[in-house]
Amino acid sequence: MTSTAGMSSTAGVPSTAGAPAVSSTAGMTTTALAAHEVAVSYGGRRVLDGVDLRVAPGETVGLRGPSGSGKSTLARVLALLHAPEAGHVTLDGHRIVGARHRLPAAVRTRVAILFQSPRAATDPRLGLADIIAEPLRATGTPEAQARARAAELADLVGLTPDLLARRPHAVSDGQLQRACLARALVHRPDYLLCDEATAMLDASTQAHLAAVITDYQREHAAGVLLITHDPALMARWATRVVDLPSPPQP
């Protein structure tokens, strides 16, 4: 399925009042994370207008588009962080209603997102080990298990033990993004969305994080959405590429 802009969506605003967070959708049985006729506006400006996108298990979908075309907004919608004003998201054939903590933990932890700026995405008061373990604590994982899982993932992404007590101001962008990747993988998500996640990193860190994500994808058959302005990275990594055009101007 390809992205489509300029199409009017007829679906109403998803409501969480008196409705289940996840509901079965007739005719939607394909295993995938998918946006259907999604529309989002900010400040009266339509950013996404009738956009469709599908990410299946095991594939890497590259998402391209000019600045302002809504790539990051679409990633946040698919990450279940932002409910669209029209259209909807399905997760393995089930329609998602609501976003963030209005969804059950078993649903929202199946999708993870890795942002471009690790400093904007982390609490400056937390050490790296606590940043990694944060989603586990939020879902009630026993402390011993949370610490063990954080240590396991810190090693996986290449963080040495001496770094784990440091706060974001005391580490490099690359080290902090490694912690963010570990945090994103902590619940073993089925879908990982990478929003310019390597843009601020040096070449060696880029290569390492890409290798970690690729290995995880192969082991867990995870679907990956890749947003990048790097044509070489897109060509090497993406299974297929979707172009997201700018929405029509008012």
Side-chain angles (χ1 to χ4, degrees), residues 1-5 32-35 38 47-48 51-79 81 111-122 153-160 163 168 171-186 188-247:
M1 187 174 290
T2 59
S3 62
T4 307
L33 174 65
V38 161
V47 178
L48 297 173
V51 172
D52 298 326
L53 184 71
R54 179 178 178 275
V55 182
E59 75 167 341
T60 300
V61 177
L63 182 62
R64 294 184 303 205
S67 296
S69 60
K71 300 184 298 297
S72 293
T73 297
L74 181 57
R76 290 180 63 84
V77 169
L78 287 169
L81 297 176
V111 185
I113 186 167
L114 190 61
F115 295 104
Q116 177 177 355
S117 172
R119 300 197 183 280
T122 52
L153 285 168
D155 181 65
L156 178 70
V157 299
L159 290 172
T160 54
L163 294 173
V171 298
S172 68
D173 285 344
Q175 290 165 336
L176 189 55
Q177 190 69 312
R178 289 171 191 256
C180 289
L181 175 57
R183 179 180 61 182
L185 299 180
V186 76
R188 299 178 178 87
D190 296 313
Y191 300 94
L192 178 64
L193 317 179
C194 300
D195 185 7
E196 294 283 359
T198 63
M200 300 175 64
L201 309 178
D202 61 66
S204 63
T205 304
Q206 285 182 8
H208 180 77
L209 294 190
V212 170
I213 293 170
T214 300
D215 288 345
Y216 177 85
Q217 183 178 27
R218 289 171 179 164
E219 181 178 355
H220 297 276
V224 173
L225 178 68
L226 175 66
I227 300 173
T228 180
H229 288 288
D230 183 342
L233 180 62
M234 186 76 80
R236 287 197 309 268
W237 199 351
T239 308
R240 60 186 176 89
V241 177
V242 173
D243 289 297
L244 187 63
S246 296

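This one's a predicted model, so the numbers in the text were calculated from it and none came from an experiment. Count residues from 1 along the sequence.
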By salt bridge (charged side-chain N to carboxylate O under 4.0 Å, His left out), which residues pair with Asp173, not counting sequence neighbours? Arg119
Checking Arg178 side chain against Val157 main chain: does a donor-acceptor pair fall under 3.5 Å? yes
Minimal heavy-atom distance between Thr122 and Cys180, with the atoms involved, is CG2-SG, 3.5 Å
Tell me, do Asp215 and Leu156 make a side-chain contact under 4.5 Å, heavy atoms counted? no
Closest non-hydrogen atom pair between Ile227 and Ala75, with its separation: CD1-CB, 3.8 Å
How close do Ala238 and Gly62 get, counting heavy atoms only, and between which atoms? CB-N, 3.8 Å
Quick check: do Thr214 and Trp237 have side-chain heavy atoms less than 4.5 Å from each other? yes
Within the side chain of Lys71, is there an N or O that forms a donor-acceptor pair under 3.5 Å with the backbone of Leu244? no
Answer yes or no: is there a donor N or O on one side and an acceptor on the other, between the side chain of Glu196 and the main chain of His229, under 3.5 Å? yes
Testing the basics here: between Ser72 and Asp195, what is the closest heavy-atom pair and its distance to 0.1 Å? OG-OD2, 2.7 Å
Exam field: side chain Gln177 to backbone Ala197, donor-acceptor pair closer than 3.5 Å: yes
Would you sort out whether Leu192 and Leu185 count as a side chain to side chain contact (heavy atoms under 4.5 Å, CB included), showing the intermediate values? CA-CA 8 Å; Leu192 178 64; Leu185 299 180; 4.2 Å; yes
Can you check whether Val241 reaches Met234 side chain to side chain, under 4.5 Å on heavy atoms? yes
Is there a side-chain hydrogen bond (donor to acceptor under 3.5 Å, both in side chains) between Asp202 and Ser204? Walk through the geometry before answering. CA-CA 6 Å; Asp202 61 66; Ser204 63; 2.7 Å; yes
Taking Glu59's backbone N and O only, do any of them form a donor-acceptor pair with Gln217's side chain (distance below 3.5 Å, no angle check)? yes
How far apart are the closest heavy atoms of Leu163 and Gln175, and which atoms are they? CD1-NE2, 3.7 Å
Taking the side chain as every heavy atom from C-beta outward, state whether Arg188 and Glu219 have any pair of such atoms under 4.5 Å apart. no
Just by distance, do the side chain of Thr239 and the backbone of Thr60 share a donor-acceptor pair under 3.5 Å? yes
